[in-house]
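Convention: sequence-line order gives letters A, B, ...; per-chain numbering from 1. The basis for the numbers below is simple: all heavy atoms, side chains too, and nothing from hydrogens, waters or symmetry mates. Not measured: the values here are computed from a predicted model.
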There are 2 protein chains.
Amino acid sequence: MSGSRPSRRRSAYRELADDLRADVLGQRYPEGVRLPTEAELARTYRVSRQTVRRAFQDLVAEGLVQRVPGRGTFAAQRDSRYLRQFGSVEDLMSLSVDTKMQVSSPLRRQIDVDAASRLQLESDAVHTLAFRRLHDEVPFCHTTVWLPPEVGERLRSVPELAAPGAVSTVTVIGLLDERLPSPITDAEQSITVAAAPETVAVELHCEPELPLLRIDRLYSTADGQRAELAISHFLPEQYSYRVRLRRGPR
Amino acid sequence: MSGSRPSRRRSAYRELADDLRADVLGQRYPEGVRLPTEAELARTYRVSRQTVRRAFQDLVAEGLVQRVPGRGTFAAQRDSRYLRQFGSVEDLMSLSVDTKMQVSSPLRRQIDVDAASRLQLESDAVHTLAFRRLHDEVPFCHTTVWLPPEVGERLRSVPELAAPGAVSTVTVIGLLDERLPSPITDAEQSITVAAAPETVAVELHCEPELPLLRIDRLYSTADGQRAELAISHFLPEQYSYRVRLRRGPR
DNA sequence: CGTTATTTGTGCGTATGTATT
DNA sequence: AAATACATACGCACAAATAAC
């Protein structure tokens, strides 16, 4: 489904690419199963073969599909996808496929000079929120999120973020992308090691001061506004950050 | 084996994309300088405008250039290039811009079951090498490299890797890329936290067991062969892993 | 073994729309 | 308003790889 944004008109090849992307990410083409051919897609979508090809070019560039002349188009195997695990903004949005989030500190207004500064705000007021992420009911990650006030206001009415203990499969970035006037297009992240703060240790059932993987992410919208600051701590025993890098065509 | 391929003619748009890529990476289009227009390139390369567009599509997907309707095509600024294809490994190859490497354990043959297994080798014999990386004469990273024997042999004659204490500005991946018959096209990396092993602690002048950022990288060539396994430990005080993510075309 | 049908890859032409200068 | 430059979309022809016969 497209978001609730004023539905800016999307080109035919992007619509098609979106559909195909959703199908591939939704595991609808398991190993060895061929995607529809260019001719088939052109027919069912009432577009030219060139338009279908244009859509596939994006999916190939994203590493989601592989195409073989004479054979067809296939979903890339999960472990051969480069930069698809947690490497793109889309992946951060679809994080909820394997994991659930549980609110530990509901969305509220707060004064935080550091966060406000990193979000490049005039005032020191921000909205903040904290939650754990669970995999198979086991917490492996704690995240604190800070939002500019005007961004936070747009999440006021989201029930998934309102109650302590609430469990859901949403992502903050996913929620924002549907509600902000300008889509989130960039994230800058920094990965380092940090000792577990007291509150995080409690939530993750680990010793305070235990070394954790710390990932800071600062998200920006297409028009350059900072939209979200997230600081996550991961239990290294249960999580490692994986990226597959690829080199350009030849 | 059929040996050397008859080097089939590269398609026009790839030739063009290669030229443009080299120009952009070679800093030939500084900030604000427009690349040639589609019409100009079509004229000088004697191809159609569609072929020029096809070449640019790859460069855009690689994040190397930005295109603005009505204005033109521009090289993406280095710090706004999102980590996509090999941006990172070319960053790794040009790591030597800011840093130097100092050999602590020269290239030699060794038996290592774990490394051989991760390199998918038949036998347990590998070549190995260890070095530090220095920034402003301060060590901030220790790396151990394992290579398949036939790959290691190709580095036998490299003086920069032969003597303990040797300081140089090379990178192993850069050396390999020049010497291997098939180029290195993939890297899979995993980032986690690890306590400093004794030998690493000595080299980095830190306490043993100090939590470090550990990055494993497994490089593969275009024909799918594993070419190098590198395990690096970074001092978190002096290094954090930064990535800029961008969203696919929406 | 070659032949044929299928499927993707390359290249170009045209037309029209949109954004910027 | 006009010119410039990129974006989208469709059409066609032929090449190359693959699979089935």
Side-chain angles (χ1 to χ4, degrees), chain A residues 6-20 24 29 32-76 182 185 222-224 248-250, chain B residues 2 5-20 24 29 32-76 222-223 247-250:
Chain A
S7 124
R8 54 207 156 107
R9 255 291 258 21
R10 307 177 53 64
S11 48
Y13 83 86
R14 289 184 188 212
E15 291 277 10
L16 174 54
D18 286 348
D19 281 6
L20 293 170
V24 170
Y29 299 104
V33 176
R34 206 196 60 195
L35 272 68
T37 67
E38 295 177 353
E40 286 165 355
L41 288 169
R43 203 153 23 81
T44 63
Y45 278 83
R46 313 285 198 133
V47 295
S48 75
R49 185 186 157 217
Q50 306 311 317
T51 302
V52 176
R53 286 188 59 74
R54 184 65 187 80
F56 272 130
Q57 277 170 28
D58 280 359
L59 298 187
V60 168
E62 291 166 27
L64 273 187
V65 301
Q66 296 175 342
R67 316 199 73 199
V68 185
R71 298 221 304 129
T73 305
F74 304 86
S182 176
T185 54
D223 53 16
R250 244 89 5 168
Chain B
S2 49
R5 221 171 331 187
S7 91
R8 84 193 131 90
R9 192 180 73 75
R10 301 176 56 61
S11 50
Y13 83 87
R14 284 177 194 237
E15 291 276 11
L16 174 54
D18 287 347
D19 281 6
L20 292 171
V24 170
Y29 299 104
V33 176
R34 206 196 61 197
L35 272 70
T37 67
E38 295 178 353
E40 286 165 356
L41 288 168
R43 209 157 11 88
T44 62
Y45 278 82
R46 312 283 198 136
V47 294
S48 78
R49 189 186 149 217
Q50 305 312 318
T51 301
V52 176
R53 285 188 60 73
R54 184 64 188 81
F56 272 129
Q57 279 168 26
D58 280 358
L59 298 185
V60 169
E62 291 165 29
L64 272 186
V65 301
Q66 296 174 344
R67 315 197 72 198
V68 185
R71 297 221 303 131
T73 305
F74 303 87
D223 52 17
R247 189 179 211 180
R250 285 282 110 178

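Rounded to a whole Å, the CG atom of A:Leu59 is 12 Å from the P atom of C:dG9. Between the CZ atom of A:Arg10 and the C1' atom of D:dA9 there is a distance of 16 Å, rounded to whole Å. The nearest whole Å value for the distance from the CD atom in B:Gln50 to the P atom in C:dT14 is 11 Å. The distance from atom CD of B:Gln66 to atom P of D:dC6 is 14 Å, rounded to the nearest whole Å. Atom CG of A:Leu16 is separated from atom P of D:dA9 by 10 Å (rounded to the nearest Å). Summarising the geometry, the separation between CG on B:Leu41 and P on D:dA5 is reported as 11 Å, rounded to the nearest angstrom. Atom P of nucleotide D:dA9 and atom CD of B:Gln57 are separated by 12 Å, given to the nearest angstrom. Between B:Tyr45 atom OH and C:dG11 atom C1' there is a gap of 17 Å when expressed in whole angstrom units.
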Sequence-aligned protein contact record of nucleotides 3-8 of chain C, with B where the base is within under 4.0 Å of a protein heavy atom and S where only the sugar-phosphate is: ----BB

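Under 4.0 angstrom from either OP1 or OP2 of C:dG9 there lies no side-chain N or O belonging to B:Arg54. Listed pair B:Ser11 / C:dT10 meets the phosphate criterion, a side-chain N or O lying under 4.0 Å from OP1 or OP2. Distances shorter than 4.0 Å separate none of the side-chain N or O atoms of B:Thr51 from OP1 or OP2 on C:dG11.
Using a 4.0 Å cut-off between charged nitrogen and carboxylate oxygen, B:Asp58 and B:Arg14 do not count as a salt-bridge pair. Look at A:Glu38 and A:Arg67 and you find a salt bridge, because one of the NZ, NE, NH1 or NH2 atoms lies within 4.0 Å of a carboxylate O, short of that distance. A salt bridge is absent between B:Glu40 and B:Arg49: the closest approach of a Lys/Arg side-chain nitrogen to an acidic carboxylate oxygen does not fall below 4.0 angstrom.
For D:dA16, the paired base is C:dT7 (Watson-Crick or G-U wobble, both distances below 3.5 Å).
Of the options B:Thr44, B:Val47, B:Thr37, a side chain to side chain contact (heavy atoms under 4.5 Å, CB included) to B:Val52 is made by B:Val47 and by none of the others.
If you take CZ on B:Arg54 and CG on B:Leu59, they are separated by 10.0 Å, rounding to the nearest 0.5 Å.
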Side chain to side chain contact (heavy atoms under 4.5 Å, CB included) between B:Leu20 and B:Val65, worked out: CA-CA 10 Å; B:Leu20 292 171; B:Val65 301; over 6 Å; no

A:Phe74/A:Val33 under side chain to side chain contact (heavy atoms under 4.5 Å, CB included): CA gap, chis, key distance, verdict: CA-CA 7 Å; A:Phe74 304 86; A:Val33 176; over 6 Å; no

